[in-house]
*Asks:* 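What follows is a structure written as structure tokens; I'll ask about it next.
When a ligand or atom number is given, it counts from 1 through the structure's own listing order.
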Amino acid sequence: MIRMILLDNGHGSDTPGKRSPVWSDGLYVQEWRYARMVVDGIADGLERMGIPYAILVPEEKDVALGERCRRANRIAKRNGAHQVLLISVHLNASNVVNAASGWEIHTYKGTSASDEYAKVFWNCAEEELGDRFPMRGDFIDADPDWDSNFAILRDTVCPAVLTENLFMTNEKDCRFLMSDEGFKTIVDIHLKAIAKICGISG
Ligand SMILES: [Zn+2]
């Protein structure tokens, strides 16, 4: 049973790239800023639900992956690694503008508890987004998450998932993300999944 959540917000204000195009009306999104807003929104929800959590990178500047993993592992070991779930929040991007759209979740390669937790996230995302955006699954190994060799998933001792919350390089995705409804939806997907995983109903 998961009893504590570690929230990782991808990148930092000094990470190059990692932003959307500037759309016709000047609107754009920076991944580091958005991920921090989402993580803060999730943290507020966890506070309300009484679920212990920690924000791995309170800084605005980028913190190297090695240090992110060290911080995560310190907290995870203190709290019993299998009782801690790390969630890394990102926005997706493609090289070609408007070429890709939709929602993804990643876990490290192979089968682990992370795959079960990812499935819960997937179901919540499908409920919230499935009628409006593609659900981008990788069903080669019978579960919808992508098996990815990302350091934050590989080098952490606790279960870990990484959410790619729509494509900032897609105008429809990006405008949805930047809307109040879109922001709330992204936060809610995470909160609903966490509530299920932690065995809290409602
Ligand atoms: Zn990212």
*Asks:* If you round to the nearest 0.5 Å, how far is CG of D143 from CD1 of I105?
*Replies:* 10.5 Å
*Asks:* Has D14 got more than 12 heavy atoms of other residues, nucleotides or ligands less than 6.0 Å from its CG?
*Replies:*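 Check passes, neighbour count above 12.
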*Asks:* How many angstroms lie between atom CZ of R70 and atom CG of L65, to the nearest 0.5 angstrom?
*Replies:* 10.5 Å
*Asks:* Does anything in residues 107-127 form a ring pair (Phe, Tyr, Trp, His ring centres under 6.0 Å)? List the pairs, not counting sequence neighbours.
*Replies:* F121-H190, W122-F139
*Asks:* Can you count the protein N/O/S atoms lying under 2.8 Å from the Zn ion (ligand 1), leaving waters out?
*Replies:*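 Near the Zn ion (ligand 1), the number of protein N, O or S atoms below 2.8 Å is 3.
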*Asks:* Would you mind checking if K184 and E181 are paired as a salt bridge, meaning a charged N to carboxylate O distance below 4.0 Å?
*Replies:*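 Looking at E181 and K184, the cut-off is not met.
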*Asks:* Please confirm whether the ring centroid of H11 lies under 6.0 Å from the ring centroid of H90.
*Replies:*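 Yes, the ring of H11 comes within the 6.0 Å limit of the ring of H90, centre to centre.
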